[in-house]
There are 2 protein chains.
Amino acid sequence: MQDQLSQTFAALADPTRRAILAHLSQGEANVSDLAKPFLKDMSLPAITKHLKVLEKAGLVTKTRDAQWRPCKLNGEALKTASDWMEQYRQYWEESFDRLDAYLKTVTAKKKATAKGKKNGRKK
Amino acid sequence: MQDQLSQTFAALADPTRRAILAHLSQGEANVSDLAKPFLKDMSLPAITKHLKVLEKAGLVTKTRDAQWRPCKLNGEALKTASDWMEQYRQYWEESFDRLDAYLKTVTAKKKATAKGKKNGRKK
DNA sequence: TGGTTAATTAACTTATAGGTTAAATATAAA
DNA sequence: TTTATATTTAACCTATAAGTTAATTAACCA
């Protein structure tokens with residue numbers, strides 16, 4: 001079994017599953033509601049499997065109501081993933097970008113030199 | 001070939017690749033630099049493959065310098081993924097959470113009853 | 001020229017993701 | 001008690017992800 005963060009990203013790496021999450025962002029829905037937009041393209045058991053992936057990733061919570069299985073979005077796992085990405089924000093925000101990248105490079109070079117390791121990079 | 005966002009999330013769904021990104025956040029590095037921490041666990045060609053996944057996902061850019069291949073982090077793909085997640089922020093930020101979920105449910109019900117219109121929501 | 005270093009490619013193995021159809025389960029409704 | 005509805009499970013198929021080892025390419029160096 002993989003670590004939770006890997007499972008979360010893996011769950012998000014499928015357009016069907018992201019569409020299911022989008023649907024759930026409109027509110028609770030049961031399995032056949034969620035399946036309906038996809039039944040032209042795939043079977044109901046396929047959706048059951050997608051939901052299982054989303055559940056294991058912690059992105060969706062499934063409860064019981066008679067023969068229905070109401071599903072709802074679970075924000076926590078998304079937050080974990082978002083927090084992980086947050087540490088890279090500086091790398092996509094302009095202006096800072098080049099300066100920071102430069103500073104990081106300098107630091108890296110200093111470290112390499114201090115350790116007495118040649119680092120094979122020129123310029 | 002998959003859509004870009006799926007490829008990005010798939011690339012992030014592996015701890016080795018996330019560690020490579022973390023390394024690159026400290027500055028440029030070539031393939032063997034990046035491989036070093038993993039050579040106890042896997043071969044160099046394995047790292048080559050991981051880098052290829054990261055490149056295709058747009059997360060890493062590889063250039064040439066003699067026989068070396070300096071790699072650097074590319075923030076844009078991360079931003080795309082982060083932007084996608086952003087739309088769910090409300091689902092992991094407390095206080096809003098329950099109220100908003102409730103409102104969404106009400107809206108969904110009304111839609112079902114009124115057989116109404118499309119909703120294209122944003123923000 | 002030949003040797004060394006850096007990295008990739010090729011060919012292969014194994015596990016798993018994502019789909020299928022058919023059968024099974026669970027609850028409600030008639 | 002049977003039938004209908006909602007969903008899951010089982011068994012299976014196929015493509016691909018992730019690793020391996022061995023061979024190959026490319027550039028530099030002596």
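Sequence lines set the chain letters: A, B, ... in the order given, protein chains first and strands last, and positions in each chain run from 1. Quick caveat, the model's predicted, so the values are computed rather than measured. Values reported hereafter were calculated over all heavy atoms of this structure, with side chains retained and with hydrogens, waters and symmetry mates removed.
- Atom CG in L51(A) sits about 12 Å away from atom P in dG19(C), given to the nearest Å.
- One finds the CD atom of Q87(A) at 9.5 Å from the CG atom of L78(B) (value rounded to the nearest 0.5 Å).
- The residues R89(B) and E86(B) are annotated as salt-bridged, a charged nitrogen and a carboxylate oxygen being separated by less than 4.0 angstrom.
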Identify the pairs formed between an N or O of the protein and an N or O of nucleotides 11-16 of chain C at a distance under 3.5 Å, and give each distance.
none

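- Contacts between residues 8-22 of chain A and DNA chain C, defined by a heavy-atom separation below 4.0 Å, involve D14(A), R17(A), listed by number.
- Between H50(B) and dG19(D), a side-chain N or O to OP1/OP2 separation shorter than 4.0 Å is present.
- Taking H50(B) as the reference, D14(B), T16(B), R17(B), I20(B), M42(B) meet the side-chain contact (heavy atoms from CB on, under 4.5 Å) condition, with sequence neighbours excluded.
- Summarising the geometry, the separation between NZ on K40(A) and P on dG19(C) is reported as 16 Å, rounded to the nearest angstrom.
- Contact annotation: K52(B) does not reach the phosphate of dA18(D) (side-chain N/O to OP1 or OP2, under 4.0 Å).
- A search for salt bridge (charged side-chain N to carboxylate O under 4.0 Å, His left out) contacts involving R69(B) returns nothing, not counting sequence neighbours.
- Distance CD (Q2(A)) to C1' (dA17(C)): 11 Å, rounded to an integer number of Å.
- Contacts classified as side chain to side chain donor-acceptor pair (under 3.5 Å) and involving residues 70-83 of chain A (residues at least two apart or in different chains) are given here: K79(A)-D83(A).
- Rounded to a whole Å, the CD1 atom of I47(A) is 11 Å from the P atom of dT8(D).
- Look at K62(A) and you won't find any side-chain N or O under 4.0 angstrom from OP1 or OP2 of dT7(D).
- Under the salt bridge (charged side-chain N to carboxylate O under 4.0 Å, His left out) criterion, K36(A) pairs with no residue, sequence neighbours left out.
- Screening L73(A), L54(A), L51(A) for a side-chain contact (heavy atoms from CB on, under 4.5 Å) with L59(A), the sole residue that qualifies is L54(A).
- Protein atom CG of L39(B) is 12 Å distant from nucleotide atom C1' of dA7(C), rounded to whole Å.
- Judged as a side-chain contact (heavy atoms from CB on, under 4.5 Å), and not counting sequence neighbours, the contacts of S43(A) are P45(A), A46(A).
- Annotation: side-chain hydrogen bond (donor to acceptor under 3.5 Å, both in side chains) contacts of Q67(B) (sequence neighbours excluded): none.
- Residues M85(B) and L12(A) approach most closely at SD-CD1, 4.1 Å, considering heavy atoms.
- Across residues 29-36 of chain A, N30(A), V31(A), S32(A) each have a non-hydrogen atom less than 4.0 Å from an atom of DNA chain D (numbered order).
- The side chain of M42(B) sits closest to dG19(D) out of dT9(C), dG19(D), dT9(D).
- Applying the salt bridge (charged side-chain N to carboxylate O under 4.0 Å, His left out) criterion to K49(A), with sequence neighbours excluded, gives no partner residue.
- A ring-ring contact (aromatic ring centres under 6.0 Å, His included) check over residues 55-84 of chain A, counting only residues at least two apart or in different chains, returns the pairs F9(A)-W84(A), W84(A)-Y88(A).
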Completion exercise
Reading nucleotides 21-28 of chain C from 5' to 3' and marking B where a protein heavy atom lies under 4.0 Å of the base, S where only the sugar-phosphate is that close, and - otherwise, the string is BB----BS
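- Considering CG of L24(B) and SG of C71(B), their distance stands at 6.0 Å, rounded to 0.5 Å.
- Minimum heavy-atom separation, A35(B) to I47(B): CB-CG1, 3.8 Å.
- Straight-line distance from the CD atom of Q7(B) to the C1' atom of dT16(D): 13 Å, rounded to whole Å.
- At dT8(D), one or more side-chain N or O atoms of T48(A) fall inside 4.0 Å of OP1 or OP2 (strictly under the cut-off).
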